[in-house]
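Scroll down for the structure; my scribbles are underneath it.
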Amino acid sequence: MNYLINDNMSGELIKIGEIETCFDAVAYINKYYQTIVKIYGVDKTIIDTIENSDCCYAVIKLNNGDFLNLFNVIISETESSFVSQSINIKLLSSDVIAGSEKLSMEDRFQNFSFEITDGVELMGICPYNLENDLDLFMPKKVDIPIVYDTIEAETILGKFSFSAYPKINFEKNGLWLGFEQRIQVTTISLLSVSDFRAIFERISSFFQILCGEIITINRVDITVKTLEDKYKEFEFIGFCNFPKQQLDLWEKGGIDTPIFLRQSIFKISDFPDINFTLNTWFENYEKMKLSSAAYSRILLDEDTMICTSNRFLASMQLVEGYISALYDEDEHIKLFKKQKKEIISNENNPETKEFLKKYCNYVGETFRQSLKKFTYEAVKIFHDLNYNQFDEDFDAFIGTIKNERDIYTHSSQRNAAKFKDIELLNIATLYKNFYRINLLHRFGLEDDLICRRFACNRRFSEYIRRFFNIKLSIPSDLQGFDEKM
């Protein structure tokens with residue numbers, strides 16, 4: 001069944017921890033996709049069971065025969081009556097599996113399928129054969145063949161399948177054709193409920209790099225194989241705490257059109273080797289957590305229209321997190337130790353030698369070096385220039401950004417602020433997209449396609465022209481999924 005927000009579901013609490021119970025219960029799902037259950041007339045034993053458990057588990061049997069399996073349960077509210085000597089409590093869980101059977105803490109899962117924000121658009125798969133599109137506008141019989149197309153990937157986490165399906169809606173005045181989308185995952189290892197979020201976070205964060213906006217997982221289904229070799233479907237409720245069906249850029253007015261905007265979004269079908277792409281992201285995800293968190297903060301600020309200097313600082317954290325995660329310092333450390341050893345050996349003063357041994361240590365690259373390296377990696381995709389030329393042309397600009405960052409992070413008084421607030425936000429947007437560009441390049445995407453799609457991002461095109469004097473031209477021809485649309 002479909003579980004609706006704020007829709008009351010009556011039933012009874014039949015199990016809490018290892019205790020079999022029978023208490024009246026009313027459950028509902030709030031706007032944050034948390035499941036709230038009010039239990040009536042419980043005794044103190046139930047409360048003690050929940051409070052003394054590190055990972056409390058409960059089962060609600062609904063009046064319609066379905067079960068709500070609640071994991072990681074906490075008590076959010078208690079209510080007692082001196083007259084009746086009864087206690088009513090409210091349970092809260094953000095990890096709920098709903099379906100036709102009750103589960104336990106020992107159950108493990110391997111097969112998932114889920115929908116994401118604008119998934120068809122981000123996959124780049126069309127479930128119809130539109131080669132003879134002229135027939136759609138001719139007054140004769142229309143034949144639109146259905147194409148069941150799937151992009152599959154074998155990764156270190158398991159097998160991923162990205163699919164788009166036809167959707168036909170019949171209405172009083174006619175019918176219309178649309179798309180459905182699904183991502184199916186079969187993990188290599190069996191997962192507990194507490195492991196789900198790690199998978200979902202990795203895949204949603206990957207799609208956020210493709211489109212530059214917040215992506216949510218709006219529905220998760222779990223397939224369980226029973227002892228009788230039958231498959232049963234369950235729904236996982238709790239991961240998505242801000243449902244988002246469409247990307248914001250579809251809501252912009254003015255001169256924008258869907259065709260123009262569509263070209264700026266990167267798609268699964270863009271990548272020549274999706275196995276390599278996903279594995280590159282999954283393998284480096286733990287190292288990229290700092291920069292990934294900063295990137296998510298920028299997207300959230302943009303989504304909620306919060307405009308402060310914090311967005312600029314988060315963009316600078318992108319730089320530090322990216323460089324520290326993906327650039328190997330081992331060679332720099334070896335060179336430093338070698339030079340330190342040579343300097344000490346050539347020193348005659350014992351006190352100076354002791355001072356160098358004690359206080360001369362490798363502290364890593366300076367932020368200015370990291371910023372320059374990060375910026376050059378992105379800019380060279382749009383403009384063919386060597387590092388020396390880049391350093392000569394843009395060293396002053398890099399220095400200004402570095403000084404601006406020092407003002408906000410260290411309250412530095414060495415230099416006065418050069419950028420106005422709106423310019424800080426513009427630089428944050430530019431470096432957010434530089435982060436995407438650098439990762440997309442590492443994911444194996446061709447530079448030409450990166451240039452084509454970012455040329456259709458008017459804001460980025462203006463900022464790279466303004467700060468780096470690089471002019472991008474909007475492609476006149478459409479390719480692949482864009483052409484079919």
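Side-chain atoms are counted along with the backbone in the values below, which use heavy atoms only and exclude waters and symmetry mates. Model, not experiment: these values are computed from the prediction.
Side chains of L430 and F460 form a contact here, defined as non-hydrogen atoms less than 4.5 Å apart. Annotation: side chain of S100 is in contact with side chain of K232 (closest heavy-atom distance under 4.5 Å). At a threshold of 4.5 Å between non-hydrogen side-chain atoms, the residues T429 and N433 count as touching. E213 has its side chain out of reach of E302: every pair of non-hydrogen atoms, C-beta onward, lies at least 4.5 Å apart. At least one side-chain heavy atom of I151 sits under 4.5 Å from a side-chain heavy atom of S269. Looking at N279 and T277, their side chains never come closer than 4.5 Å, going by heavy atoms from C-beta outward. Within the 4.5 Å cutoff, the side chain of T35 has heavy atoms near those of the I237 side chain. Considering only heavy atoms from C-beta on, V224 comes within 4.5 Å of I222 through its side chain.
The side-chain contact (heavy atoms from CB on, under 4.5 Å) search around T150 returns E152, S161, S163, not counting sequence neighbours. Residues that satisfy the side-chain contact (heavy atoms from CB on, under 4.5 Å) test with C126, not counting sequence neighbours, are Y128, L130, F179, F481, K484, M485. In terms of the side-chain contact (heavy atoms from CB on, under 4.5 Å) criterion, residue partners of T308 (sequence neighbours excluded) are, by chain and number, I306, N310. For F71, the ring pair (Phe, Tyr, Trp, His ring centres under 6.0 Å) test picks out Y57, with sequence neighbours left out. In this structure, the ring pair (Phe, Tyr, Trp, His ring centres under 6.0 Å) partners of F160, at least two apart in sequence or on a different chain, are F282.
Counting all heavy atoms, side chain and backbone alike, L210 lies closest to R436 at O-NH2, 2.7 Å. The two residues S94 and R197 have their closest heavy-atom pair at O-NH2, 2.8 Å. When all heavy atoms of I16 and A58 are compared, the closest pair comes out as CD1-CB, 3.5 Å.
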- Query: Hey, mind stepping through Q208 and S296 against side chain to side chain contact (heavy atoms under 4.5 Å, CB included) and telling me if it holds?
  - Reply: CA-CA 8 Å; Q208 286 179 169; S296 295; 3.9 Å; yes
- Query: What's the verdict on ring-ring contact (aromatic ring centres under 6.0 Å, His included) for Y40 and F23, showing C-alpha distance, side-chain angles and the deciding distance?
  - Reply: CA-CA 6 Å; Y40 297 91; F23 295 107; over 10 Å; no
- Item | Worked verdict on I203 versus L157 for side chain to side chain contact (heavy atoms under 4.5 Å, CB included) | CA-CA 11 Å; I203 195 65; L157 299 182; over 6 Å; no
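In summary, of the residues considered (D221, T223, T186, T187), a side chain to side chain donor-acceptor pair (under 3.5 Å) with N111 occurs for T186 alone. Of the candidates F454, F207, F206, F454 is the only one forming a ring pair (Phe, Tyr, Trp, His ring centres under 6.0 Å) with F266.
Within the model, atoms OG1 of T155 and CG of N275 stand 8.0 Å from one another, a figure rounded to the nearest 0.5 Å.
For the pair R405 and F367, the distance from NZ or CZ to the six-membered ring centre is under 6.0 Å and the angle to the ring normal is within 45 degrees.
Ring orientation note: the planes of F196 and F109 are nearly perpendicular, at an angle over 60° on the 30°/60° scale.
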Side chains of residues 439-450: which donor-acceptor partners sit under 3.5 Å, not counting sequence neighbours?
residue	atom	partner	partner atom	Å
H441	ND1	D447	OD1	2.9
R442	NE	Y322	OH	2.5
R442	NE	E377	OE2	3.4

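Counting only N and O atoms by type, the side chains of D195 and S192 include a donor and acceptor under 3.5 Å apart.
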